[in-house]
Amino acid sequence: MNFSKQLIYWYLINKRDLPWRTTDNPYYIWLSEIILQQTRVDQGMAYYFKFVENFPTIKDLADAQEEHVLKLWQGLGYYSRARYLHFSAKYIVNEHNCIFPSSYNTILKLKGVGDYTASAIASICFNEPTAVVDGNVYRVLSRYFGIFTPINSTNGIKEFKKLAQQLIDVKKPGIHNQAVMEFGARMCKPQNPDCNNCPLNDSCFALSKNSIKELPVKVKKLKIKNRYFNYLVIHSKSNTTKMVKREKGIWLNLYEFPLIETSEPIDKNQLIKHEIFNDLFDSKELNVKLFTREEKPHKLSHQHIFTKFWIVKTRDSKNFNNSWDDIEKLPVPALIDNFLTQYKSN
DNA sequence: GACACGTGGGG
DNA sequence: TCCCCAAGTGT
């Protein structure tokens with residue numbers, strides 16, 4: 001048996017029952033693929049059910065408000081996925097008469113859909129023999145064939161795509177693609193792969209050369225940047241507060257309290273002298289108190305955010321138009337959501 | 001080509 | 001604790 005046939009054989013016996021594996025509706029496959037980008041199945045599952053329930057069709061998704069879509073996505077991270085999902089749903093409704101595009105090239109035109117996702121949908125839903133190359137595929141191929149080209153180099157990306165394309169079973173590309181990925185996720189895992197029970201263990205380069213731990217090769221480490229956030233949790237005279245929509249960078253279009261970002265940690269004296277702080281308030285009669293919480297930074301993959309939540313009580317009410325009930329409906333980053341949970345329990 | 005973009009689980 | 005990383009894409 002060749003590589004593909006062995007993996008498909010293994011897959012048909014060992015695959016998990018996942019909800020998107022019982023449908024060939026391209027909308028649901030698309031949805032699942034977007035949710036699963038850089039995301040574990042266990043983490044994404046609940047979101048898949050939420051979206052299918054709230055938006056059973058592409059039209060339902062297209063008709064939704066972005067705020068609603070982001071609220072359902074809250075907590076999953078990489079929020080551009082949700083914005084592009086919504087954007088592309090509107091595009092399919094308006095430009096494709098609600099019909100999901102049915103070829104690799106036309107699927108690739110969707111925002112938020114790159115080579116991987118277009119290949120996955122085209123193969124699974126439309127039987128087009130386009131090979132997927134995701135983290136699992138890089139790992140499986142690099143180990144089995146002994147390829148030391150860095151997977152995140154331009155050459156590596158080309159080389160692995162070419163190899164994957166040569167290996168694909170053109171008769172059942174969808175099954176083949178899912179088999180390689182499932183095999184990578186369950187058998188040829190990053191740590192402690194189950195080589196003893198691996199159906200390919202008599203012909204695996206890395207196993208025979210004892211180089212499992214060296215593969216796949218990945219270059220570069222991104223440097224973590226530290227950022228210092230000061231959120232103003234305002235209580236107005238009438239006990240309203242203020243949330244603002246983020247307009248750039250991380251958490252785009254999600255909501256947060258008024259933010260003062262500094263290059264270093266600041267104390268209360270520095271805070272109340274800050275221009276942004278003073279522009280917010282007319283009254284000088286303010287009660288400013290630091291909300292005590294853990295010093296743990298909010299860790300993102302590329303930055304650590306050190307946050308102080310300042311509770312500010314003011315006699316003003318102008319511009320502080322959000323009720324505490326209203327803000328529950330707004331999409332917020334996990335950092336804000338975690339704070340609100342702690343704050344309310346106090 | 002390098003970097004931005006989240007969150008949570010596991011060793 | 002720290003680091004890796006998980007069905008990537010856009011700029």
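Proteins get letters first, then strands, A, B, ... in listed order; numbering begins at 1 in each.
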- If you find the nucleotide of DNA chain B closest to A:K223 and the one closest to A:R81, which residue's nucleotide is nearer the 5' end?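 Result of the comparison: A:K223.
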With sugar-phosphate meaning primed atoms plus P, OP1 and OP2, does [X] contact a base, only sugar-phosphate, or nothing at under 4.0 Å between heavy atoms?
X      : result
A:A334 : sugar-phosphate
A:L300 : base
A:K248 : nothing
A:G249 : sugar-phosphate

- Item | Qualifying salt bridge (Lys or Arg N to Asp or Glu O under 4.0 Å) pairs, either residue in residues 174-189 of chain A, two or more places apart | A:R16-A:E182, A:R21-A:E182
- Message: A:F49: which residues meet the ring pair (Phe, Tyr, Trp, His ring centres under 6.0 Å) condition with it, sequence neighbours left out?
- Response: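 Per chain and number, A:F49 pairs via ring pair (Phe, Tyr, Trp, His ring centres under 6.0 Å) with no residue.
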- For A:W20, all residues meeting ring pair (Phe, Tyr, Trp, His ring centres under 6.0 Å), sequence neighbours excluded: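 By the ring pair (Phe, Tyr, Trp, His ring centres under 6.0 Å) rule, A:W20 matches A:Y48.
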- Note on the structure: Whether each nucleotide of nucleotides 6-11 of chain C has a protein heavy atom under 4.0 Å at its base (B), only at its sugar-phosphate (S) or at neither (-) is summarised, 5' to 3', as BBBSSS
If I pick the [atom1] atom on [M] and the same atom on [N], what distance separates them, to the nearest angstrom?
N      : M     : atom1 : answer
C:dG10 : B:dG1 : C1'   : 13 Å
B:dG8  : C:dT9 : P     : 22 Å
B:dC3  : C:dA7 : P     : 23 Å
C:dA6  : B:dC5 : P     : 22 Å

- Query: More than 12 non-hydrogen atoms from neighbouring residues, nucleotides or ligands closer than 6.0 Å to NZ on A:K161, yes or no?
  - Reply: yes
- Query: Do the ring centers of A:W73 and A:H68 come within less than 6.0 Å of each other?
  - Reply: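 No, ring centres 6.0 Å or more apart.
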- Under 6.0 Å between ring centres, would you say that holds for A:F3 and A:F145?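 When the ring centroids of A:F3 and A:F145 are compared, they turn out to be within the sub-6.0 Å range.
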- Nearest whole angstrom, please: distance from the C1' of C:dT1 to the NE2 of A:H304.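 Going from A:H304 (NE2) to C:dT1 (C1'), I get 11 Å.
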- Connected to A:I168, directly or through other members, by ILVMFWY side-chain contacts below 4.5 Å are A:V170
- Would you call A:E261 and A:R227 a salt bridge, using N to O less than 4.0 angstrom? yes
- When you list every nucleotide of DNA chain B with an atom under 4.0 Å from a heavy atom of chain A, which one comes first 5' to 3', and which comes last? B:dG1 to B:dG9
- Cation-pi check, A:K111 onto A:F87 ring (under 6.0 Å, within 45° of axis):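 Flagged: A:K111 positioned over aromatic ring of A:F87.
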